[in-house]
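Protein chains get the first letters and strands the later ones, always in sequence-line order, with residue 1 at the start of each.
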Amino acid sequence: MSVRVRFAPSPTGYLHIGGARTALYNYIFAKAQGGKCILRIEDTDEQRSTKEFEASQIDDMNWMGITYDEGPINGGEYGPYRQSERLDIYQKYANNLLNEGLAFYDFCTEEELELMAQKTKDEGAPPYTGKWRDKEHWDEARKRVAAGEKAPLRFLVPDIDVEFDDFVRGNVKFPKGTVGDFVIMRSSGVPTFSFCNVIDDHLHGISHVIRGEDHVNNTLRQVLLYQAIGAELPKFAHVSLLIGKDRQKLSKRHGATSVRQYREEGYLPEALANYLCLLGWSHPDEKDVFKIDELASVFTLDRFSKSHAIYDIEKLQWINGQHIKQMDLDELHKRCSEFISHDFYEQQSVQWQKTFLGLFQDKIHLFPELNSHLEELLKDSMDMNDDLKEIMSWETSPAIKDYIQEQLNTVKTDYVSAEQFSEWMNYCKKELKIKGKPLFMGLRGVLTGQNHGPDLKVLIPLTPVEILKKRVASL
RNA sequence: GCUCCCAUCGUCUAGCCCGGUCUAGGACAUCGCCUUUUCACGGCGGUAACAGGGGUUCGAAUCCCCUUGGGAGUACCA
């Protein structure tokens, strides 16, 4: 059987990192198995679904490098791929179930339903005990519907134990009576998630359902539904959930939870994908920096962890830094520019920009950090902090300062060349007889006001001469 | 409440299915040292875990049971 998997988001918000993670797993699994990955939009929640969220979720997935073979935009032979466009299909299946006596219209009032729910809680009674599940009331119910009354259609849950095999959880069993007759068609005529999800997975030929653990209880219902429509069960893999530092459900207060936010903060898509993939799945060679497309040959469903993973971004930042470090300069130059918010940078030559980037490439974890390094580079005044005071108190430092200031005034170009700067250093060494720490630290102090920082021989030729002059003058 | 699931360093995890090779391995974070006369990178090293209790066994992180703790679901949301 060929592998077909799907990612089925609800367009009710931005793409969540949890959703992105399951999408990622589906995508990689399809790649690894030479199968197809399908995108299906589950927009049956009329109130909350919007086209804007649909578009933004697809956009964010593409950004992360998750592509699909069939979907609402690029089509496919199993379309349509938007549930709101498949309503007649669900209706047909619902009618079949109704006619086969596997579903019934329910006219219970809200009060009655509430009472049942209460009873379930208190006494452990079966969840739905309304009279409408009994055959003798079916004719009456159908007549009322025919007469125009609205009622939800419930699936008549058979009184049997249910079990299914799961790639991460093994054999999962539910005793009979765990779920009550659940709604498959709302009184508005719109089907519910449990129902269309099953029909679509069946019709779309889905072979493996990889989704979050929060769906195991739905799977119980869905197994019953598969049996009712006479469809073969797909294979299941219920992946553990992501939780926050406080071991609570991941929410806004744990920081950024949407892919969009990471994207805007300058995280690399390959780094986010890399990190998300590692939360609950492990590389057989224990590698932790990789590109998801490299995973095709090693990705298997038996390497999922059963327990929850706490989402903690420290490692994400490290991984992001690793991916930056691995980039070649041209790519880095191209990709980071949108996160640099200084006109000065844009006004420089490509050569300058690349030198600057090369200097900081292995120091940063995130592109926006480049901005603070730029600011540091452009600072034209120096604070007399303790470090600088100490440097200036050395007897060698005033000589360096005087010499540098004098040299600076002779420079006619915008920048000191690397050669020129080397000459200055040599002069200090040979003529001023300064060497070692007093030389390097002295120069750094005089020129930058700092006692630490990147390689002076690269840094100084990157700094505009005007700024160097102002700094030295302010001493 | 009920149903289902989970439990290895602070965090992500390897090992568990097929008990001995585990004085429990890796990574992030943290600490120290080396390197770079600075910082960062890098290298080396340290601190740090099998939730608890019972079994089974010559032997258990690995198998079984209980307890405790955590999570999910329990909608005319998905």
Side-chain angles (χ1 to χ4, degrees), chain A residues 8-12 19 42-49 83 106 110 113 117-118 120-127 150-154 166 168-170 172-175 177-180 182-194 196-197 211-221 238 240-241 243 245 247-249 275 278-289 302-303 305-319 321-322 325 359-364 373 387 391 435-441 443-445 448 450-456 459:
Chain A
S10 290
T12 55
E42 307 222 326
D43 54 354
T44 54
D45 183 340
E46 309 136 289
Q47 265 84 45
R48 298 192 297 148
S49 300
Q83 290 188 329
D106 175 35
E110 245 170 77
L113 256 19
Q118 197 53 244
T120 312
K121 228 175 213 174
D122 300 343
E123 306 166 21
K150 300 279 185 216
L153 189 68
R154 283 180 190 273
D166 189 288
V168 359
R169 281 160 220 279
V172 185
K173 290 186 182 134
F174 291 92
T178 303
V179 278
F182 54 92
V183 171
I184 55 175
M185 295 290 273
R186 293 181 255 245
S187 43
S188 64
V190 178
T192 60
F193 160 77
S194 305
C196 26
N197 193 259
R211 62 190 351 177
E213 193 191 352
D214 50 340
H215 282 290
V216 275
N217 288 272
N218 288 322
T219 305
L220 155 64
R221 292 179 177 75
H238 287 97
S240 61
L241 264 20
I243 56 176
K245 269 202 198 77
R247 301 188 173 276
Q248 303 290 304
K249 196 171 176 171
Y275 175 67
L278 243 22
L279 249 27
W281 183 84
S282 58
H283 194 289
D285 301 334
E286 297 195 46
K287 274 180 77 171
D288 43 20
V289 180
D302 58 0
R303 297 200 64 84
S305 150
K306 293 177 176 184
S307 47
H308 298 159
I310 294 180
Y311 183 83
D312 182 10
I313 63 167
E314 266 179 354
K315 193 159 182 175
L316 167 60
Q317 287 173 346
W318 176 77
I319 289 177
Q322 293 296 310
K325 209 171 301 173
L359 189 58
F360 292 101
Q361 180 169 20
D362 61 10
K363 290 188 195 306
I364 59 169
H373 285 122
D387 293 328
I391 293 171
K435 59 183 177 176
K437 194 174 171 184
L439 201 223
F440 286 90
M441 283 291 232
L443 275 170
R444 186 180 292 282
T448 73
Q450 307 271 320
N451 67 342
H452 62 85
D455 188 1
L456 274 183
L459 185 70

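Nucleotides B:U35 and B:A61 have their P atoms positioned 42 Å apart, rounded to a whole Å. Spacing between B:G42 and B:G55 at atom P, rounded to whole Å, works out to 50 Å. Spacing between B:C41 and B:U47 at atom P, rounded to whole Å, works out to 23 Å. With both ends at atom P, the span from B:G69 to B:C28 equals 35 Å, rounded to whole Å.
When atom types are taken as modelled, the side chain of A:R169 and the backbone of A:V216 share no donor-acceptor pair closer than 3.5 angstrom. Side-chain N or O atoms of A:T178 include one that pairs as donor or acceptor with a backbone N or O of A:P175 at under 3.5 Å. Although no hydrogens or angles enter the test, the distance criterion places no donor-acceptor pair under 3.5 Å between the side chain of A:T12 and the main chain of A:R48. In this structure a side-chain-to-backbone donor-acceptor pair under 3.5 Å is present from A:D166 to A:H238. The backbone N or O of A:H215 sits less than 3.5 Å from a side-chain atom of A:T219, completing a donor-acceptor pair.
Put simply, CH2 on A:W318 is 13 Å from P on B:U30, counting in whole angstrom units. Between the CZ atom of A:R221 and the P atom of B:A78 there is a distance of 12 Å, rounded to whole Å. Rounded to whole Å, atom P of B:C5 lies 20 Å from atom NZ of A:K249. Atom CZ in A:F193 sits roughly 15 Å away from atom C1' in B:U74 (whole-Å rounding). The nearest whole Å value for the distance from the CG atom in A:L459 to the P atom in B:A40 is 16 Å. One interatomic measurement links the two molecules: CG of A:D285 to P of B:G26, which rounds to 16 Å at whole-angstrom precision. The distance between atom CD of A:E213 and atom C1' of B:C5, rounded to the nearest whole Å, is 5 Å. Rounded to whole Å, the distance from NE2 on A:H308 to C1' on B:C5 is 7 Å.
With hydrogens and angles left out, the side-chain atoms of A:Q450 and A:D387 include no donor and acceptor closer than 3.5 Å.
Among the protein residues, A:P175 comes within range of the sugar-phosphate backbone only, with heavy atoms under 4.0 Å from sugar or phosphate atoms but none that close to a base. In this structure, A:Q248 reaches the sugar-phosphate backbone alone: every heavy-atom distance under 4.0 Å involves primed, P, OP1 or OP2 atoms, never a base. Residue-level contact check: A:G212 touches neither bases nor backbone, having no heavy atom under 4.0 Å from any strand. Counting non-hydrogen atoms under 4.0 angstrom, A:V216 reaches nothing in the nucleic acid. Using a 4.0 Å heavy-atom distance criterion, A:K150 is classed as making no nucleic acid contact. Heavy atoms of A:D455 sit under 4.0 angstrom from at least one base atom. Using a 4.0 Å heavy-atom distance criterion, A:T44 is classed as a sugar-phosphate-only contact. Using a 4.0 Å heavy-atom distance criterion, A:N197 is classed as making no nucleic acid contact. Across all strands, A:F440 comes closer than 4.0 Å to base atoms (heavy-atom distances). As judged by a 4.0 angstrom heavy-atom cut-off over every strand, A:L241 is placed among residues touching the sugar-phosphate backbone only. Among the heavy atoms of the strands lying under 4.0 Å from A:R303 are primed sugar atoms or P, OP1, OP2 only; no base atom is included. Across all strands shown, A:K245 has no heavy atoms under 4.0 Å from either base or sugar-phosphate atoms.
Across all strands shown, B:U56 forms no Watson-Crick or G-U wobble pair with both distances under 3.5 Å. In this entry B:A48 has no Watson-Crick or G-U wobble partner, no candidate having both defining distances under 3.5 Å. Within the shown strands, B:U74 is the pairing partner of B:G1 under the Watson-Crick or G-U definition, both distances less than 3.5 Å. In a base pair of the Watson-Crick type (N1 to N3 plus N6-O4 or O6-N4) or a G-U wobble (N1-O2 and O6-N3), with each distance short of 3.5 Å, B:U21 is matched with no nucleotide. Pair assignment for B:C39 gives none, since no Watson-Crick or G-U wobble pairing has each distance under 3.5 Å. The pairing partner recorded for B:U68 is B:A7, the criterion being a Watson-Crick or G-U wobble arrangement whose two distances lie under 3.5 angstrom. Pairing for B:U62 is absent, judged as Watson-Crick or G-U wobble with the two contacts each under 3.5 Å.
At a cut-off of 3.5 angstrom, the base of B:C76 holds no donor-acceptor pair with the side chain of A:S188. Side-chain to base pairing of A:N218 with B:A78: one donor and one acceptor N or O lie within less than 3.5 Å of each other. Donor-acceptor pairing under 3.5 Å, judged by distance alone, is present between the side chain of A:K363 and the base of B:C39.
An OP1 or OP2 oxygen of B:A14 is reached within less than 4.0 angstrom by a side-chain nitrogen or oxygen of A:S282. Here A:K306 reaches the OP1 or OP2 of B:C6: one of its side-chain N or O atoms lies under 4.0 Å away. Phosphate contact (OP1/OP2 of B:C2, side-chain N/O of A:T178, threshold under 4.0 Å): absent. Residue A:R247 places no side-chain N or O under 4.0 Å from the OP1 or OP2 atom of B:A72.
Of the candidate nucleotides B:A72, B:U13, B:C76, B:C76 has the atom nearest to the side chain of A:S187. The side chain of A:R444 lies closest to B:U38, out of B:C12, B:U38, B:A78. When each of B:U11, B:A40, B:U13 is scored by its nearest atom to the side-chain atoms of A:I310, the top-ranked nucleotide is B:U11. The listed nucleotides are B:A78, B:A29, B:G71; the one nearest the side chain of A:E314 is B:A29. Listed candidates were B:A14, B:C41, B:A78. Nearest to the side chain of A:E42 is B:A78. Considering only side-chain atoms of A:R154, the nucleotide from B:A72, B:C76, B:C4 that sits closest is B:C76.
Annotation for A:E46: atom CD counts as buried by contact number, over 12 foreign heavy atoms lying within 6.0 Å.
For the pair A:N217 and A:K325, nearest-nucleotide mapping onto RNA chain B gives the more 5' position to A:K325. Position along RNA chain B of the nearest nucleotide to A:S307 versus A:P152 favours A:S307 as the more 5'-ward residue.
Between A:D362 and A:K325 no salt bridge is recorded (no basic side-chain N to carboxylate O distance below 4.0 Å).
For A:F193 and A:F182, the ring centers sit 6.0 Å or farther from each other.
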